[in-house]
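Since the structure comes first, as structure tokens, the remarks are kept for the end.
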Amino acid sequence: MTTEPKEESKLKRLEPFAEREIMRCMRCGFCRPLCPTWGFSEWDTGSPRGRMMLVRGMLQGDLEPSEYIADRLYLCTTCGYCEWRCPAGTKTVDIIEAARADLADLGLGRKSHHYIEERIREENNPLGEAKEERTSWASKELPQKGDLMYFVGCMASYREQGTAKATLNLIETVNPEGGYSVIGDELCCGSVLLRTGHREVAKALAEKNAELIKKSGAKIITTSCAGCYRTIRKDYELLGIDLNGVEILHFPELLNRWIDEGKLKPKNGEKIVVTYHDPCHLGRHMKVYDEPREVLKKLGVEVREIPLRNRETSACCGAGGGVRAEYKDSALEAATERLKQAEETGAKILVTPCPFCTFNLREAAAKNNIDMKVYDLVELVAKICT
Ligand code: SF4
Ligand code: SF4
């Protein structure tokens with residue numbers, strides 16, 4: 001008797017979730033009301049619960065992977081609210097990212113994400129800017145070796161250069177003798193590729209960045225980007241990348257240390273009132289809530305919390321997970337909603353420790369004539385201390 005060869009699964013990345021993880025979802029819908037993308041369609045398939053049902057349908061063979069399913073899954077910003085809210089502990093973000101990896105393999109990835117992958121292969125950044133221009137924001141040669149490495153990230157290198165300048169300014173204020181590095185050959189950390197299902201290229205980037213980090217002699221890596229921080233600190237380990245035990249800190253964590261050590265002080269006592277936006281990849285994903293707030297408070301800044309939507313319940317700016325690249329209007333809609341929540345505090349300045357959130361929120365404020373200045377936290381700290 002001949003046995004038919006077993007057909008290879010089309011859902012290789014999702015299969016490991018089939019047995020237990022996806023079955024955890026009991027369809028309660030607690031995750032739905034505050035999902036930042038649920039309101040875009042108002043169909044359940046545009047909510048976390050619906051996304052879990054689509055994935056379960058594919059795994060059980062009831063649904064074929066399709067353009068419709070891909071569209072619903074790629075609209076998720078991977079903000080992590082549903083995962084935090086889920087009483088059953090469903091790993092919604094891991095499941096959505098695994099589904100995207102399978103969909104991309106099946107040719108159902110988003111066009112803009114394929115362009116991003118191509119641009120990264122050619123220029124080491126998702127924006128398509130020349131790799132030779134990566135440190136064009138700096139007005140001088142940057143040191144390539146030192147105990148402290150500043151990992152700039154693509155957004156701060158090309159789009160939010162104020163963040164890069166302010167970070168370097170603060171590093172130099174505290175380290176006037178040097179001892180730090182900013183690597184000109186730095187590559188995209190790979191975050192956008194991991195979030196959108198292009199994992200092999202992301203792993204290759206991680207390996208190259210790890211070599212550069214080792215070569216720099218760094219004992220501490222710091223970055224002012226929430227996405228880079230999550231990726232280097234969490235995903236590189238999951239990808240099996242060895243960083244030789246180097247300490248990885250989000251820049252406000254380092255600022256907090258420097259303030260406690262008396263290395264950074266406010267220059268004057270100007271009264272500044274701000275509200276604070278938690279980047280999803282820093283807050284819910286990495287549980288860094290206190291340090292950025294402490295930095296501001298220790299420098300005499302009044303921080304007004306956004307009512308009901310701060311820390312774990314913070315709302316997403318709308319840009320992450322590849323959403324801004326493919327669904328820009330939706331990203332700006334979410335950012336506008338976030339700015340309206342921020343307005344309730346009465347503050348006229350919103351700070352956030354992430355250049356990508358800053359970029360998206362700033363554009364939404366300008367587009368909708370919202371009277372709210374948006375700063376990267378490091379820009380405000382540099383203004384106060386240098
Ligand atoms: S991660 Fe955020 S955007 Fe994605 S389904 Fe969950 S709540 Fe919605
Ligand atoms: S993902 Fe969690 S919160 Fe959402 S419907 Fe399923 S069990 Fe409920």
Side-chain angles (χ1 to χ4, degrees), residues 14 17-18 20-60 68-101 103 110 113 191-192 194-197 226-227 230-231 234-235 277-287 308-338 341 354 356-357 360:
L14 268 177
F17 296 98
R20 283 183 58 208
E21 283 299 332
I22 194 68
M23 300 312 286
R24 283 178 199 258
C25 175
M26 53 195 180
R27 310 182 204 186
C28 63
F30 287 169
C31 53
R32 197 172 71 167
L34 296 190
C35 165
T37 61
W38 143 241
F40 296 155
S41 64
E42 293 192 352
W43 283 88
D44 207 38
T45 48
S47 79
R49 176 173 72 178
R51 288 178 177 125
M52 292 306 103
M53 292 305 100
L54 291 174
V55 169
R56 190 192 285 197
M58 288 196 294
L59 278 170
Q60 293 179 335
Y68 178 85
I69 292 177
D71 181 64
R72 293 300 151 123
L73 291 174
Y74 275 105
L75 247 175
C76 158
T77 64
T78 66
C79 77
Y81 170 76
C82 49
E83 198 162 303
W84 175 80
R85 184 68 186 85
C86 179
T90 314
K91 299 261 176 242
T92 50
V93 175
D94 290 350
I95 290 169
I96 288 168
E97 287 182 3
R100 288 172 168 188
L103 290 167
R110 302 297 84 183
H113 301 158
S191 173
V192 64
L194 289 167
R195 311 282 82 84
T196 57
R230 184 221 135 115
T231 302
K234 191 168 174 181
D235 294 311
H277 167 74
D278 287 279
C280 303
H281 286 95
L282 185 67
R284 275 187 295 267
H285 285 239
M286 300 303 289
K287 319 237 169 337
L308 303 175
R309 305 304 304 272
N310 59 71
R311 299 176 68 96
E312 289 86 351
T313 55
S314 176
C316 179
C317 80
V323 167
R324 185 173 157 112
E326 180 70 20
Y327 307 97
K328 187 174 170 189
D329 289 347
S330 301
L332 290 173
E333 196 180 320
T336 306
E337 179 56 33
R338 184 59 173 155
Q341 294 165 8
C354 177
F356 199 26
C357 296
N360 199 45

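Atoms within a ligand are numbered from 1 in the order they appear, just like the ligands themselves.
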Between R100 and T78, do the side chains contain a donor N or O and an acceptor N or O under 3.5 Å apart? no

When rounded to the nearest 0.5 angstrom, what distance separates CZ in R20 from NZ in K91? 10.5 Å

Under 4.0 Å, heavy atoms only, figure out whether ligand 1 is touched by the backbone of T78, its side chain, both or neither. backbone

Output the list of atoms in ligand 2 that are nearer than 4.0 Å to some heavy atom of R49, sorted by atom number. 5 (S)

If only atom types and distance count, is the side chain of R49 paired as donor or acceptor with the main-chain N or O of R27 below 3.5 Å? yes

Work out whether the distance between some heavy atom of T92 and some atom of ligand 1 is less than 4.0 Å. no

Can you find a non-hydrogen atom of P87 under 4.0 Å from ligand 2? yes

Applying the side-chain hydrogen bond (donor to acceptor under 3.5 Å, both in side chains) test to S314, which of R309, R338, Q341 qualifies? R338

protein heavy-atom neighbour closest to atom 4 (Fe) of ligand 1 works out as C76 SG, 2.3 Å

One residue to check: T37. Relative to ligand 1, which of side chain, backbone, both or neither has a non-hydrogen atom less than 4.0 Å away? side chain

With rounding to the nearest 0.5 angstrom, report the CZ to CZ distance, F40 to R72. 11.5 Å

Please determine whether any non-hydrogen atom of R85 lies less than 4.0 Å from an atom of ligand 2. no

Atoms of ligand 1, numbered as shown, that sit under 4.0 Å from any heavy atom of G80: 1 (S), 2 (Fe)

Region of R51 engaging ligand 1 - heavy atom pairs below 4.0 Å: side chain

Atom 8 (Fe) of ligand 1: closest protein heavy atom, distance to 0.1 Å, is C35 SG, 2.3 Å

Can you find a side-chain donor-acceptor pair between T45 and Y68 that sits under 3.5 Å? yes

For atom 2 (Fe) of ligand 2, what is the nearest protein heavy atom, given as residue, atom name and distance? C86 SG, 2.3 Å

Examine C28 and say whether one of its N/O/S atoms is closer to atom 4 (Fe) of ligand 2 than 2.8 Å. no

Checking a contact table here: which protein heavy atom is nearest atom 7 (S) of ligand 2, and how many Å away? M26 N, 3.3 Å

What protein heavy atom is closest to atom 6 (Fe) of ligand 1, reported as residue, atom name and distance in Å? C82 SG, 2.2 Å

Is there a donor-acceptor pair under 3.5 Å between the side chain of H285 and the backbone N or O of R230? no

Under 3.5 Å, side chain of E326 to main-chain N/O of R110, donor-acceptor pair present? no

shortest atom 5 (S) of ligand 2-to-protein heavy-atom contact is with G29 N, 3.1 Å

Is the closest side-chain donor-acceptor distance between T77 and R195 under 3.5 Å? no

Aromatic centroids of F356 and H281 separated by under 6.0 Å: no

